[in-house]
**Q** 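Once you've had a glance at the structure underneath, I'll fire off some questions.
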Amino acid sequence: MAGKEDAYAQLQQVKAALHQAQVLGDKAGATQLGMQYIQLLRAYKTGSVAE
């Protein structure tokens, strides 16, 4: 099930970018990444991952 593994890898990338934006004090970037992370997490948990 490569789709789920890819989604997990993407989640980790967004999470790392979000952390970096927070460290740098980039509020706009952190907000956007946070929303993207939530969307990816929902898709990952519900299994509606685009193959």
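Being a predicted model, the structure only gives us computed values, none of them experimental.
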**Q** Atom CG in Leu40, atom OH in Tyr8: separation rounded to 0.5 Å?
**A**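 One gets 13.0 Å once the value is rounded to the nearest 0.5 Å.
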**Q** Closest heavy-atom contact between Ala21 and Gly29?
**A**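 Minimum heavy-atom contact is CB-C, 4.2 Å.
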**Q** From Leu41 CG over to Gln10 CD, what is the distance, rounded to the nearest 0.5 angstrom?
**A**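 The CD atom of Gln10 is 12.0 Å from CG of Leu41, to the nearest 0.5 Å.
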**Q** Taking atom CD of Gln22 as the centre, report whether more than 12 heavy atoms of other residues, nucleotides or ligands fall under 6.0 Å from it.
**A**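 Enclosed: over 12 neighbouring heavy atoms sit under 6.0 Å from CD of Gln22.
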**Q** How many angstroms lie between CG in Asp26 and CD in Gln20, if you round to the nearest 0.5 Å?
**A**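 Asp26 CG to Gln20 CD: 9.5 Å, rounded to 0.5 Å.
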**Q** Looking at Gln12, I'd like to know if its CD atom is crowded, meaning that more than 12 non-hydrogen atoms belonging to other residues, nucleotides or ligands lie closer than 6.0 Å.
**A**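 Result for CD/Gln12: enclosed.
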**Q** Do side-chain atoms of Lys4 reach the backbone of Gly47 as a donor and acceptor pair under 3.5 angstrom?
**A**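 Between the backbone of Gly47 and the side chain of Lys4 there is no qualifying donor-acceptor contact (under 3.5 Å).
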**Q** From Met35 CE over to Leu18 CG, what is the distance, rounded to the nearest 0.5 angstrom?
**A**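 One finds 11.0 Å between CE of Met35 and CG of Leu18.
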**Q** Quick one: CG on Leu11 to NZ on Lys45, what's the gap to the nearest 0.5 Å?
**A**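 Spacing of CG (Leu11) from NZ (Lys45) equals 9.5 Å.
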